[in-house]
Amino acid sequence: MKAQNIAEIINLLSDDDQSLVKPFLKAQIFAKRIGNDGLYKWVVQELNGYEIESELPSYRKAKCNDFAVLKQNGRLTIEQTLPLTSFSEEIRSMMLKFRVYNSIKSLEGIVETDPKGALNKLYGADFCQMLSNDLKQQGLNFGVHSLRTQVQVFELSEVLTNIRSKLLELMLELEEDFPNIDTELETREIDKQAVNQTINFYMNKIRITTTGDGNTVNTGDNSTVINNAVVTKDNKEALKKFLVENGVSNEDVTHLAEIIDEEASVTTLTKFGPKVGAWIQMMIGKAVSGGWEIGVGAAGSILAQGILKYYGLA
C-alpha cells in the first residue's frame, strides 16, 4: 500500500474550502506508520473530539461572554453580564474562555450551518451554587441564580483555522527537513528515530501539545525529550541541562559554556558571535554525520532556540 503522501496532506490543508477530516485521517495513518504516539494521539483527538476531563490545547479555548441572573436578599436581577471581577482568580480564568471539545467534523458542521450565529451553554444549579459560594468567600452578599455562556460561531471558525494551520506547519517542516520522506517511508528505508525527534521538536515549537509554556514532549520509542521553555536568561546550568537532554554530549556542552559569555555583546536575533556560530556549525555537522543522533532540521532549531533564550533574545 502506498504511504500517505506528505505533499498530498499539505495540498489538502492548503485549500481552505476543503474539510479537515481527510488530511487528518491521512495524518493519522502517517503517524501510525512512523511510530509517533504523540502525533497519533493529537490527530485522533482532533478527529474524535476531546474528553471532558482532557486538558485542552490553548487554541481550543475560544473567547466568550457570560450572562447571569443574580440574586440578593431574595430578589432577582434581570440578566446581565457576569461581574467577573467579583470572583476569585480561579473562577475568572475558568469563565473567560469557552472550552471547545467538539470533533473537527462537528465544528465544521456548526460553522457551515450558521456562520453568523452564536452558541449558548446553560449551567446547572450546582455550578451556580459554586459561584455563589465563591462570592461569599470574597465577602459579597449576592449570588448567582442562573448562568449561560455565549460563544460566537466565528470564534469556532477561528479554532478550525488554528487546527488547520498547526498541522500544515508541521507537515511543511517535515517536508523541508526530509524531502524524500514519502519514498523512504514506502521503501522502509526511513530513519524513524530522526523523523520522530524532529516531529517532537516541531510539535512543541508549534504548540500542538496541551496549553501552557514549557510542555514536555516525549512520544514514541527512542524519542528525545524536548522542552523549549526551560532555558532562562543567563542561566547557564539550565542551558546545559536543555542541551544534554536533547542529546548533546557533556564535552560539547562544556565547550559551549566556555565561550558563550564572551560573545554576548555581539549576539542578535539574526547573528551569533563567531565562536558560538562555529560551535553551532560543528554540532550540525555532527547531526549530518550521525555523531549527534537528531534530525538535521531540528538540530539547528534546538541549538538556536536554547542559546537565544540564554541570551534573553527569545
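Here, residue 1 is the first one in the sequence, and each next residue gets the next number. Worth saying up front: this structure is predicted, and the values here are computed from it rather than measured.
- Within the model, atoms CG of L96 and CG of D66 stand 7.5 Å from one another, a figure rounded to the nearest 0.5 Å.
- At a threshold of 4.5 Å between side-chain heavy atoms, the hydrophobic network of Ile, Leu, Val, Met, Phe, Trp and Tyr places I6 and I206 in one connected group.
- Hydrophobic cluster membership is shared by V43 and L174, with clusters built from Ile, Leu, Val, Met, Phe, Trp and Tyr side chains linked at under 4.5 angstrom.
- Ion pairing between a basic and an acidic side chain is recognised when a charged N comes within 4.0 Å of a carboxylate O; E79 and R148 show such pairing.
- Residue M130 comes nearest to I91 through the heavy atom pair CE-CD1, 3.9 Å, listed as atom of the first residue, atom of the second, then distance.
- The ring-ring contact (aromatic ring centres under 6.0 Å, His included) contacts involving residues 5-24 comprise F24-W42, where partners must be two or more places apart or lie in separate chains.
- Looking only at distances, a side-chain donor or acceptor of T113 sits under 3.5 Å from a matching main-chain atom of G109.
- Of the inter-residue distances, the one linking L156 atom CG with I110 atom CD1 reads 6.0 Å to the nearest 0.5 angstrom.
- Annotation: the span from L70 atom CG to S146 atom OG amounts to 8.5 Å, rounded to 0.5 Å.
- The two residues I259 and K275 have their closest heavy-atom pair at CD1-O, 3.5 Å.
- Separating the OG1 atom in T198 from the CD atom in E173 is a distance of 10.0 Å, to the nearest 0.5 Å.
- The shortest side-chain heavy-atom distance between Y59 and S165 does not fall under the 4.5 Å cut-off.
- Note that CD of Q152 and CG of L119 are 9.0 Å apart. Values are rounded to the nearest 0.5 Å.
- The cluster map of Ile, Leu, Val, Met, Phe, Trp and Tyr, joined by side-chain heavy atoms under 4.5 Å apart, puts F67 and V144 in different clusters.
- Under a 4.0 Å N-O distance rule, the pair E155/K97 does not qualify as a salt bridge.
- In this structure, CG on L135 lies 9.0 Å from OG on S88, to the nearest 0.5 angstrom.
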Q129 and N133: CA distance, side-chain angles, deciding distance, side chain to side chain donor-acceptor pair (under 3.5 Å) verdict: CA-CA 6 Å; Q129 185 60 53; N133 292 340; 3.0 Å; yes
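- Applying side-chain contact (heavy atoms from CB on, under 4.5 Å) to L20 and the options E46, K105, E108 leaves one that passes, E108.
- V100 and M95 are assigned to two separate hydrophobic clusters, defined by single-linkage of ILVMFWY side chains at heavy-atom distances under 4.5 Å.
- The closest side-chain donor-acceptor pair between N36 and N200 falls under 3.5 angstrom.
- L256 is listed as a side-chain neighbour of L239, based on a closest heavy-atom distance under 4.5 Å.
- Among the candidates D177, L13, I10, the single residue satisfying the side-chain contact (heavy atoms from CB on, under 4.5 Å) test with L172 is I10.
- Under the 4.5 Å side-chain criterion, counting only non-hydrogen atoms from C-beta, F127 is not in contact with L122.
- Judged by distance alone, with hydrogens and angles left aside, the side-chain atoms of K236 form a donor-acceptor pair with the main-chain N or O of A257 at under 3.5 Å.
- The existence of a salt bridge linking K240 and E237 is confirmed by a sub-4.0 Å separation between a basic side-chain nitrogen and an acidic carboxylate oxygen.
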Passes side-chain contact (heavy atoms from CB on, under 4.5 Å), K63 versus F98? Steps please. CA-CA 6 Å; K63 295 178 183 177; F98 183 89; over 6 Å; no
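- No donor-acceptor distance shorter than 3.5 angstrom exists from the side chain of R99 to the backbone of I52, with no hydrogens or angles considered.
- Looking at R60, its side chain never comes within 3.5 Å of a backbone N or O of I163 through a donor-acceptor pair.
- Side-chain contact between N120 and T149 is absent, with no heavy-atom pair separated by less than 4.5 Å.
- The backbone N or O of I260 lies less than 3.5 Å from a partner atom in the side chain of Y311, making a donor-acceptor pair.
- Here the closest non-hydrogen pair linking S19 and R164 is C-NH2, 4.4 Å.
- The backbone N or O of V111 lies less than 3.5 Å from no partner atom in the side chain of S157, so there is not a single donor-acceptor pair.
- Contact record, P57 with Y50: CG-OH, 3.6 Å, taken as the closest heavy-atom pair.
- Looking at Q197 and F201, their side chains never come closer than 4.5 Å, going by heavy atoms from C-beta outward.
- For the residue pair C128 and L147, the shortest heavy atom distance occurs at SG-N, 3.9 Å.
- No chain of hydrophobic side-chain contacts below 4.5 Å, direct or via other Ile, Leu, Val, Met, Phe, Trp or Tyr residues, connects V159 to V44.
- Of all non-hydrogen atoms in N48 and S103, the two that sit nearest each other are C-CB, 3.6 Å.
- By the neighbour-count criterion of 12 heavy atoms within 6.0 Å, atom CD of Q80 is densely surrounded, having more than that number from other residues, nucleotides or ligands.
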